[in-house]
Novice: 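Below is a structure I'd like to ask you about.
Each chain gets a letter, A, B and so on, in the order the sequences are listed, and its residues count up from 1.
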Amino acid sequence: MSRTFVIIDGSSLVHRAFYALPVLTTTSGRYTNAVYGFTTMLMKLLDDIKPDAVAIAFDKGRTTFRTELYADYKAHRKATPAELSEQFPLVQEVVQAFGITVLEKEGFEGDDIIGTLAQKAAGWGYEALIVTGDRDALQLIDAKVKVMLTKKGISEMDVMDCKAVQAKYGVTPKQIIDLKGLMGDASDNIPGVPGIGEKTAGKLIAQFGSIENLINHIEQVAGKKLQENLYNHTELAILSKKLATIDCAMELDFLPETFCYNPDGTRLRELFTRLEFKGLLMRVNALLPQGDCEADKPGICLPPMTVLTAEEAVDGAVSEIIRTGSVELYPVVTGRIPELQLAGIVCWLSAGPVYAAANVPGWEKIVSLLADSATKKVTHDVKSLYNYGWSKGIKINNVVFDTMLAAYLLEPTAAEYQFDRLMDKYLQKQLTWPAVTDPAEYGAAAIFAIHELYPPLGECLSQSELDTLYFQVELPLAGVLAAVESTGIKVDAAHLKAMSGEFAAKIEELLQAIYIHAGEQFNVNSTKQLGQILFDKIKLKAVKKTKTGYSTDAEVLEKLAGQHPIIDKLLEYRLLMKLKSTYLDGLSALIHPVTGRIHTTFNQTVTATGRLSSSDPNLQNIPIRTEMGRRIRELFVPGDGWDYLVAADYSQIELRILAHISQDRNLTEAFLHNQDIHTRTAAEVFGVPMEMVTGEMRSRAKAVNFGIVYGISDYGLSRDIGVSRKEAGEYIQSYFAKYQGVKNYIDTVVREARHQGYVTTLFGRRRNLPDINSSNFNQRSFAERTAMNTPIQGTAADIIKKAMLDVAQTLAAQKLRSRILLQVHDELVLEVAAEELALVSELVKTAMEQTVQLTVPLLVDVKVGRNWAEAK
DNA sequence: ACGGTCACG
DNA sequence: ACGTACGTGACCGTC
């Protein structure tokens, strides 16, 4: 049995993979579809054929001997897209990891190397199998050489031999070049003879055998016109044939042994992990010779840790830190804001991790480094370090990197940013997590991870062009957020208690009424029991169902209103119950006994779009929309020594951002003239002058504007405003007719998302959209709406984050006592001293409006009150 | 732990 | 044909 020598046309297969596969990226946004497709093809090939020798050829250089013959050769080829060219180095890495020899030579195409090598392989006694997507290779076929062609996609291949070529093209493999000489090839820009296509060329070659023979017997060709064409273009035909002919006599000096291949399991695993080829990772072992299996790597053994116990030891550590000017550290923080403690600090020194438990002799020296401006600090979750600083009156200085924040910007949709996952993701190292009970042991693992993660995370940030956002916005913002959290907001506890009693009485009243209407007592808070009462007992008509039974939400109840007196009672009960349990009782539990203030946590690494979130308690969803709810805001008051709450909110920031990024003429004009945007939209959509817009029209236009920001669909809009889907569709159509810039933006952003696999905000914040090319309609549609919404919502988040920095910076620079208390997405709430009121109102407005220059102005409304409800 | 509901931008 | 508006967090009852 003869041995097989596989020769792969690398350039061809990589191109094929790139165009056949949907966009695929690593979570950090690196394109991998071509590498992935190429690698699967390669693995399948090695698996199916089990060749005895393998070589891969790549094209090299733009000019070849063919461009010297004919300057326009391949002239119409489009430039390789960047998304593809950036994958070639990765392909090289894959090939190297497989231990396969690469052949490329300046001035030659891969085809020439392949042809030459195929001849040599035949000479060495192999059966050569050329793998390519390029039909030109068919000319190389002979008794010892076959060609494997990609069919459609990347998974199917056809093996072609002499017979197959004859059957398909009606000529022998050698005659393929004659065929091409006559008919030309549009993709390579080979001219051929005008007026001759595939059919005629086939007939002529079948009849005359070769172009040369044909030229000698033009008079025998049937048809006057055809004869004339051939006669006038003999040189072109000969040139075209030359261009189409693969050079099989290149000088290639290689020994047959060169082409034995030898996969390196460790490198392949490392590479596939880095490229996030999870499926392929599992198949690596099957490729390897037996006995090279290390699949179950044990967790990393942490370096031995020095525990500092004496002042001298602390001095040694501190002096090393001072000498190097920087330290990676992890503070083991305990307690709750505003009273944080350290269990200890673990640092990474040249000797490895060292741990100092709180209050060891010399402890203050370590702590003093936190404030030292000359010492750079790297840590994980710097906000907690800043909060510790606030609780101890230490100003933390010169923090240069936070691995948690970095990981968030790289992957804002991750559920968590824990060391073990990050180590696995960025370094392919399995960190065995110690028991959290021992702060020293926990700290050792943490600091090891920080030390290891810092370089790759920094590199990934700059690769993804996230470094400016990171260093200019997120990292400094952590300091501002810690100040805001540590400051807290004062809540009037006595007033709260009174309100709670008042609400309790009303709830009790409503409850009794509900029981009477129902004819029995039941748990009104149980949707299950309530459903039975309403729909089984009272026999109201169920309008909506949930997975588990009847829906009883407000929308359903509104529809049933008027049909039974119980409904109104239920709606009011629900409202008051929500307000009391979540806002009155919920908040009350979180008022700090000493400060009398509520210290929420502003989460900086939670949302997919770049917004903050607030928890324990959530102060970003304090009621305002209902009169009853708004009363909750009366409870938020300035603390002792401050006099007013000032609320400054951006007016229509999302639509202004849309105007900026879409450059829509109508939308821009509306904001330049500071028109009421919903009225203007109504006028456009309904085709009436602005003075003629009714309340109903305006409210529908408002819903359309919301829809545009959310990623519009006729279904969603119809549901929201209660018109037919068809009518909603017509609104959208007429909106897009008037706002063509918006339409164009939406189309563009979705198209870009499909191609890139992610979307970005004005400041470069990124969100990957893995489902954007999904074959599942729901997943894909969701990703498309996300593609439309995220740049808008995310840019708004960028802007207010930067505004917060500017406001905080300005207040500090002017040594004002007034301070930021809350951020509610498009609003800042401040606590202001009476003597600073005018100045601060002006300063906050200016800072927020001027923090970024868009093509439309940003407008901020500033409101003042003795409590949050008054500041409206 | 999860689904339903509802509070906010 | 598919069947949702985007982004959050807290509380309640149920399992």
Novice: Has the side chain of A:Arg625 got a donor or acceptor that lies under 3.5 Å from a partner of the other kind on the base of B:dG9?
Specialist: yes
Novice: Any donor-acceptor pair, under 3.5 Å, between the side chain of A:Gln793 and the base of C:dC6, if you only look at N and O atoms?
Specialist: yes
Novice: Name the closest nucleotide to the A:Ser526 side chain, picking from B:dC6, C:dC2, C:dG13.
Specialist: C:dG13
Novice: From the options C:dG7, B:dG4, C:dG9, select the nucleotide whose nearest atom is closest to the side chain of A:Val606.
Specialist: C:dG9
Novice: Parallel, tilted or perpendicular, judged at 30° and 60°: which one describes the rings of A:Phe706 and A:Tyr710?
Specialist: tilted
Novice: Could you check whether A:Phe777 and the base of C:dC2 form a stacked pair, meaning centres closer than 5.5 Å and planes differing by less than 30°?
Specialist: no
Novice: With the side chain counted from C-beta on, respond yes when A:Ile566 and A:Ile514 share a heavy-atom pair under 4.5 Å apart, and no when they do not.
Specialist: yes
Novice: Looking at C:dT4, does its base get a donor-acceptor pair with the side chain of A:Ser713 below 3.5 Å?
Specialist: yes
Novice: Would you say a side-chain N or O of A:Thr552 is under 4.0 Å from OP1 or OP2 of B:dT5?
Specialist: yes
Novice: Looking at A:Asn523, I'd like to know whether one of its side-chain N or O atoms comes within less than 4.0 Å of OP1 or OP2 on C:dG13.
Specialist: yes
Novice: Taking the same atom, P, in B:dC6 and in C:dC2, what whole-Å distance lies between them?
Specialist: 29 Å
Novice: Now, which nucleotide makes the Watson-Crick or G-U wobble pair with B:dG9, with each of the two distances under 3.5 Å?
Specialist: C:dC6
Novice: Can you tell me, in whole Å, how much space there is between the P of C:dG3 and that of B:dA7?
Specialist: 29 Å
Novice: Examine A:Arg719 relative to A:Tyr715 and say whether NZ or CZ is less than 6.0 Å from the centre of the six-membered ring and inside a 45° cone about the ring axis.
Specialist: no
Novice: Give one of base, sugar-phosphate or nothing for A:Ile792, where a contact means two heavy atoms less than 4.0 Å apart.
Specialist: nothing
